[in-house]
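The structure appears below as structure tokens.
Order of appearance sets the numbers: ligands from 1, and atoms from 1 within every ligand. Keep in mind that the numbers below use all heavy atoms, side chains included, and drop hydrogens, waters and symmetry copies.
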Amino acid sequence: MPNPIYSSLPMTVFEEMSGLARTLGAINLGQGFPDDPGPEAIRAKAADATLNGYNQYPPMAGLPELRQAVAGHYARTQGLELDPMSEITVTSGATEALAAAFFALIEAGDEVIVFQPLYDAYLPLIRRAGGVPKLVSLAPPRWRFDRAMLEAAFSDATRFVVLNNPNNPSGVVLPDEDLALLAELCVKHDVIAICDEVWEQVVFGNAKHRPLIAFPGMHDRCVKIGSAGKMFGLTGWKVGFMCAAPDLTYSLARAHQFLTFTTPPNLQTAVAWGLDNSEDWFRRMPRDLERSRDRLSEGLRREGFAVLPSEGTYFVNIDLTASGIAEGDRDFCLRAVKEAGVAAIPVSALYEEDPVTHIVRLCFSKRDETLDGGIGRLAKARELSAASPAK
Ligand code: PMP
Ligand code: GLN
């Protein structure tokens with residue numbers, strides 16, 4: 001019999017909604033990916049490395065030039081001092097990094113604090129590693145934790161906490177005071193933090209991403225996870241990194257060597273070049289996305305939707321109740337894709353317990369025409385919902 005941890009799971013909501021969008025020819029504002037091909041210079045480097053470079057197994061922990069480039073990037077952008085050889089491992093996307101971190105570090109029965117809404121890979125991987133998730137629920141519109149919530153969650157049984165910051169789906173970029181509070185509790189309870197920071201470069205306005213690993217006492221108790229897919233808007237590339245102190249990295253790399261062992265060397269070469277040559281891209285990309293966020297948000301507000309703020313990621317959320325829509329998020333999203341031709345993500349799918357059911361996530365990393373088309377179709381979904389509400 002298949003293991004129930006997986007056999008009991010539905011298909012991911014991202015695949016479900018993208019599948020419906022493909023079949024029905026809907027505009028896809030669901031799964032998070034840009035609808036442009038990504039920076040040409042980096043794709044050209046990958047093409048050149050494929051044609052003229054080395055395409056056999058690269059070193060297990062990643063090409064030295066990429067590990068060097070990751071260390072250089074984090075030194076420039078986040079002031080981190082990471083040793084490329086003993087503290088950085090290249091993985092096949094952040095998803096593999098998460099799996100490697102959970103499999104390498106969790107022992108059967110270990111308690112792992114996770115915040116909901118959560119990225120959907122966390123719980124099955126934590127459980128498969130033998131961990132026991134302890135859920136902390138965050139609620140709109142602020143989606144923030146406070147000291148009382150953390151103190152209620154942390155105990156002597158806590159071994160790990162998983163933090164996704166900047167946060168998908170809420171678009172929150174945590175301020176220093178929240179990170180300092182979390183760091184304080186990690187140190188007090190001797191807890192390791194698995195920090196999913198894939199959205200670290202996608203931050204808008206005055207918000208600033210600060211890595212938890214930079215906080216006092218955290219260097220030796222953090223696994224910092226990044227993704228080139230998000231940094232360069234090349235989500236299919238699946239090139240990720242794990243940064244952690246040497247003792248942790250030793251175990252992380254042993255887990256990685258039996259998950260994927262290596263990551264395509266042509267893509268590693270291109271990402272290394274990108275990290276060394278993309279100052280301009282890292283300045284422009286968030287500004288362009290911020291403009292797209294504003295275009296989608298303003299368009300939706302004009303159509304009567306209540307749109308929540310977003311300081312980072314590719315996502316904004318709409319509040320159905322505050323928009324005068326009585327339907328639950330899943331019903332509304334199914335109606336939107338089937339009857340109005342636009343796909344979105346019901347945020348309830350990212351809760352395991354006591355879901356918030358009135359928030360819908362929309363991806364704005366799209367061309368203006370796609371966003372404008374999406375706004376019109378969401379307005380239509382809203383009209384249809386008012387005319388014949390789902391029971
Ligand atoms: N974590 C979060 C929070 C994400 O949003 C994503 C992808 N969107 C991932 C991990 C996975 O990243 P990758 O595609 O590099 O595996
Ligand atoms: N991270 C992407 C999102 O949130 C989805 C990735 C996936 O489909 N697994 O939309």
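- Note on Glu327 versus Arg335: salt bridge recorded, some NZ/NE/NH1/NH2 to OD/OE distance being below 4.0 Å.
- Ranking the protein heavy atoms by distance from atom 8 (O) of ligand 2 puts Gln31 NE2, 2.7 Å first.
- Heavy atoms of Ile345 found under 4.0 angstrom from ligand 2: none, in either backbone or side chain.
- Within the set Gly32, Cys363, Gly30, the minimum heavy-atom distance to atom 2 (C) of ligand 2 is found for Gly32.
- Around the CG atom of Asp280, the shell of radius 6.0 Å holds more than 12 heavy atoms that belong to other residues, nucleotides or ligands.
- Heavy-atom neighbours of Asp146 CG from other residues, nucleotides or ligands within 6.0 Å: above the threshold of 12.
- Val223 has its side chain out of reach of Cys243: every pair of non-hydrogen atoms, C-beta onward, lies at least 4.5 Å apart.
- Taking a heavy-atom cut-off of under 4.0 Å, ligand 1 is surrounded by Gly93, Ala94, Thr95, Tyr119, Asn164, Asn168, Asp196, Val198, Trp199, Ser227, Lys230, Lys238.
- Of the options Trp199, Phe33, Phe364, a ring pair (Phe, Tyr, Trp, His ring centres under 6.0 Å) to Tyr314 is made by Trp199 and by none of the others.
- Paired with His209 under the rule side-chain hydrogen bond (donor to acceptor under 3.5 Å, both in side chains), one option of Glu311, Gln201, Glu197 passes, and it is Glu197.
- In this model, no donor atom of one side chain and acceptor atom of the other lie less than 3.5 Å apart for Asp294 and Ser297.
- The distance criterion of under 3.5 Å between nitrogen or oxygen atoms is met by Arg361 with respect to ligand 2.
- The shortest heavy-atom distance from Asn168 to ligand 2 is under 4.0 Å.
- Exactly one residue among Glu81, Glu87, Lys224 makes a side-chain hydrogen bond (donor to acceptor under 3.5 Å, both in side chains) with His219. That residue is Glu87.
- Looking at Ser348 and Thr357, their side chains never bring a donor and an acceptor atom within 3.5 Å of each other.
- Among Phe315, Tyr119, Trp199, the residue whose heavy atom lies closest to atom 7 (C) of ligand 2 is Tyr119.
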